[in-house]
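One-based numbering along the sequence shown.
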Amino acid sequence: MLRGSCLCRRVRYEIDGTLSGALNCHCSMCRKAHGAAFRSRARVRAGDFRWVQGEDLVTWYESSPGNHRGFCRVCGSPLLSRFDFDASAHGLPLGALDDDPGVKPGLHVFVADKAPWFDIADDLPQLAALPPRKAH
Ligand SMILES: [Zn+2]
Ligand SMILES: [Zn+2]
C-alpha cells in the first residue's frame, strides 16, 4: 500500500496497487499549479485510490475542460487529478506521496512549454507535447 498526504497533513490518501505511466510534465498549467519547473505524475487506477482523511478539504479546479485538479484548500498541495473522459483512472502528483511508489518518471512531455530557467539534464525521452486526449 502507498500512502500520501498534503503539506498540512489534514488530507491523507491510500493506494492499493501499482502506479503506471510516470512522467514529468512541463506544460504551463502544471508549472503554475505546482510552482515548479515541472509536475511529476503517474496514473493510478480509480478503484485503487481512496481518501482516508480530509476529503472535504479537497477543492477541485478545472484547469482545462474535463481536467479537474484537486488540492488541499488549507495548504494548497496538489493531490489528485480527475478526468471526465476517463473515470477509470486518476492523475497522481508524485510529490505528495509519503512512500516509495517503485516507479520513476520515464520521459518529459510538453517540453515545448518548458520554463526557460530550467535545463533538462537527464537522458530521458522528450516529447514536444502529448497525443490528444492523453491526460497529464
Ligand atoms: Zn493540506
Ligand atoms: Zn501538464
Query - Pairs involving residues 99-120, ordered by first then second residue, that meet salt bridge (charged side-chain N to carboxylate O under 4.0 Å, His left out) (sequence neighbours left out) - result: Arg3-Asp99
Query raised in the report: If you draw a 6.0 Å radius around CZ in Arg10, do more than 12 non-hydrogen atoms from other residues or ligands fall strictly inside?
Result: no
Query raised in the report: So, do Arg9 and Asp98 sit near enough that their side-chain heavy atoms are less than 4.5 Å apart?
Result: yes
Query raised in the report: Can you check whether Glu14 reaches Leu2 side chain to side chain, under 4.5 Å on heavy atoms?
Result: no
**Report entry** From OG (Ser77) to CG (Leu57), nearest 0.5 Å
**Finding:** 11.5 Å
Report summary line: Here the pair of heavy atoms bringing Ala129 nearest to Val109 is O-CB, 4.0 Å
Query raised in the report: For the side chain of Glu55 and the backbone of Arg50, is there at least one donor-acceptor N/O pair under 3.5 Å apart?
Result: no
Query raised in the report: Cluster question for you: counting only ILVMFWY and a side-chain heavy-atom cut-off of under 4.5 Å, with indirect links fine, are Leu80 and Met29 together?
Result: no
Query raised in the report: What are the two closest non-hydrogen atoms of Phe71 and Pro78, and how far apart are they?
Result: CB-CA, 4.1 Å
Query raised in the report: Quick one: side chain to side chain donor-acceptor pair (under 3.5 Å) pairs with a partner in residues 21-36, sequence neighbours left out?
Result: Asn24-Ser40, His26-His108, His34-Arg39
Report summary line: In this structure, SG of Cys25 is separated from CG of Leu127 (nearest 0.5 Å) by 10.5 Å
Query raised in the report: Do Val44 and Val103 belong together in a cluster built from hydrophobic side chains that touch within less than 4.5 Å?
Result: yes
Query raised in the report: Is there side-chain contact between Arg45 and Thr18, with heavy atoms separated by less than 4.5 Å?
Result: yes
Kindly list each side-chain donor-acceptor pair under 3.5 angstrom involving residues 86-97, sequence neighbours excluded, with atom names and distances?
residue: Asp86; atom: OD1; partner: Ser88; partner atom: N; Å: 3.1
residue: Asp86; atom: OD1; partner: Ser88; partner atom: OG; Å: 2.5

Report task. Mind checking ring-ring contact (aromatic ring centres under 6.0 Å, His included) for Trp51 and listing every partner two or more places apart, or none if nothing turns up? Result -> Phe49
Requested in this report: Would you mind listing the cluster partners of Phe38? Hydrophobic ones only (ILVMFWY), side-chain contacts under 4.5 Å, chaining allowed.
Outcome: Val111, Trp117, Phe118, Ile120
Report task. Could you check if a side-chain atom of Leu79 sits within less than 4.5 angstrom of a side-chain atom of Val11, using non-hydrogen atoms only? Result -> yes
Report summary line: Closest heavy-atom pair, Ser5 versus Arg12, reported as atoms and distance to 0.1 Å, is CB-CG, 4.0 Å
Query raised in the report: With Arg73, which residues qualify under salt bridge (Lys or Arg N to Asp or Glu O under 4.0 Å), at least two apart?
Result: none
**Report entry** Closest non-hydrogen atom pair, Gly106 against Pro125
**Finding:** O-CD, 3.3 Å
Query - Side-chain touch Asn67/Ser81, heavy atoms, less than 4.5 angstrom - result: yes
